[in-house]
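Only one structure is covered here, and it is reproduced in the block below.
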Amino acid sequence: MTPRPPILPLPRAFFARSPRRVARELLGKLLIRDLGELRLAGRIVEVEAYLGESDPAAHAAAGNTARTSILFGPPGYAYVYFIYGNHYCLNVSCEPEGKAGSVLFRALEPLQGIEEMARARDVKLGGSRDLPRLTSGPGRLAQAFGITRARDNGADLTSPGSGLWIAEDDFRPKNIRITPRIGITLAAEQPLRYILAGNAFVSGRKYRPKN
DNA sequence: ATATCGATTATCT
DNA sequence: GATAATCGATATG
């Protein structure tokens with residue numbers, strides 16, 4: 001076994017910035033779920049920035065309510081919401097305390113604990129075509145990682161002790177591309193979706209290089 | 001290949 | 001009461 005480089009949690013200051021900046025810099029980082037001895041890990045390949053109270057598409061547009069208070073709290077914490085009566089989605093709070101803003105995790109490239117992710121997703125692993133169905137899409141990655149609101153809303157994503165955290169290794173992303181956000185009706189034209197162009201785990205339609 | 005639709009609930013108007 | 005930061009199944013070209 002070749003020794004892998006160490007992975008380190010991202011510090012809180014990383015998240016105390018604008019959602020655009022955090023989203024851009026989260027590409028290529030790692031999302032880690034620790035369940036006792038078991039570790040799930042995935043490379044972040046698609047995220048979206050939600051800007052806060054001034055962003056009509058952001059939950060924070062409703063103001064600081066019981067649901068959205070985490071968005072207005074200190075940076076680096078998990079905001080988990082339930083949508084369409086079916087799915088959980090994971091965000092990380094951004095900006096200094098008092099100012100809302102977040103980044104939605106939309107897709108991961110699964111790296112570790114793939115069998116466990118497949119079990120959580122009820123996906124049978126055959127060809128490589130099956131892998132994107134584990135973590136390509138915000139609802140899918142949450143299910144693969146066992147993320148629920150009851151368990152994870154408010155978790156400290158800068159602390160390995162929380163069991164859900166974000167880490168950095170020596171990976172350096174290439175081909176970053178910015179597009180409009182997916183699945184929203186308000187402010188749908190704003191380019192706030194950040195992807196690793198060409199990565200097979202990015203959700204939605206495949207990026208095609210221009211001729 | 002794209003289009004449409006149903007599921008199912010927390011939240012806000 | 002309407003809507004939603006989604007997914008999977010089904011229908012159609």
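A, B, ... follow the sequence lines: proteins, then strands. Residue 1 opens every chain.
Phosphate contact (OP1/OP2 of dA5(C), side-chain N/O of H59(A), threshold under 4.0 Å): present. Residue T65(A) places at least one side-chain N or O under 4.0 Å from the OP1 or OP2 atom of dC12(B).
Atom CG in N86(A) sits about 7 Å away from atom P in dT8(B), given to the nearest Å. Atom CG of L104(A) and atom P of dT6(C) are 7 Å apart (whole Å). If you take CD1 of I147(A) and P of dC7(C), they are 13 Å apart, rounded to a whole angstrom. Distance Y88(A) OH to dA10(B) P: 8 Å, rounded to the nearest Å. Regarding R140(A), its CZ atom lies at a distance of 16 Å from the C1' atom of dA5(C), rounded to whole Å. Atom CG in D122(A) sits roughly 10 Å away from atom P in dA9(C) (whole-Å rounding). Between the P atom of dA5(C) and the CD atom of Q190(A) lies a distance of 15 Å, rounded to the nearest Å. The CZ atom of R67(A) sits 16 Å away from the P atom of dT3(C) (whole-angstrom rounding).
Tested against H59(A) for a side chain to side chain contact (heavy atoms under 4.5 Å, CB included), the candidates I70(A), N91(A), L71(A) yield a single pass: L71(A).
Which of dA4(C), dT6(C), dA10(B) sits closest to the side chain of C89(A) comes down to dT6(C). For S102(A), taking side-chain heavy atoms from C-beta onward, the closest of the listed nucleotides dC7(C), dT9(B), dA5(C) is dA5(C).
Sequence order on DNA chain B of the closest nucleotides to H87(A) and R149(A) puts H87(A) first from the 5' end. Heavy-atom distances to DNA chain B give each of T68(A) and I83(A) a nearest nucleotide, and the one nearer the 5′ end belongs to I83(A). Along DNA chain C, the nucleotide closest to G137(A) and the one closest to G85(A) are compared, and the more 5′ of them pairs with G85(A). Positionally, the nearest nucleotide of DNA chain C for A60(A) lies more toward the 5' end than for the other of A60(A) and R121(A).
Looking at D169(A), its side chain never comes within 3.5 Å of a backbone N or O of I7(A) through a donor-acceptor pair.
Side chains of T68(A) and T65(A): a donor-acceptor N/O pair is present below 3.5 angstrom, by distance only.
Pair assignment for dA5(C) gives none, since no Watson-Crick or G-U wobble pairing has each distance under 3.5 Å. Pairing partner, dT8(B): none, since no Watson-Crick or wobble contact has both distances short of 3.5 Å.
The aromatic rings of Y88(A) and F82(A) are tilted relative to each other, their planes meeting at an angle between 30° and 60°.
The base of dA10(B) lies outside donor-acceptor range of the side chain of Y81(A), with no N or O pair under 3.5 Å.
Within 4.0 Å (heavy atoms only), R181(A) reaches no atom of the nucleic acid at all. If you check every strand for non-hydrogen atoms under 4.0 Å, R133(A) touches nothing. Using a 4.0 Å heavy-atom distance criterion, Y84(A) is classed as a base contact. Counting any heavy atom pair closer than 4.0 Å across all strands shown, I184(A) reaches sugar-phosphate atoms only and no base atom.
Heavy-atom contacts from other residues, nucleotides or ligands closer than 6.0 Å to CZ of R121(A) number more than 12.
For the pair R17(A) and F14(A), the cation-pi criterion (under 6.0 Å, within 45° of the ring axis) is fulfilled.
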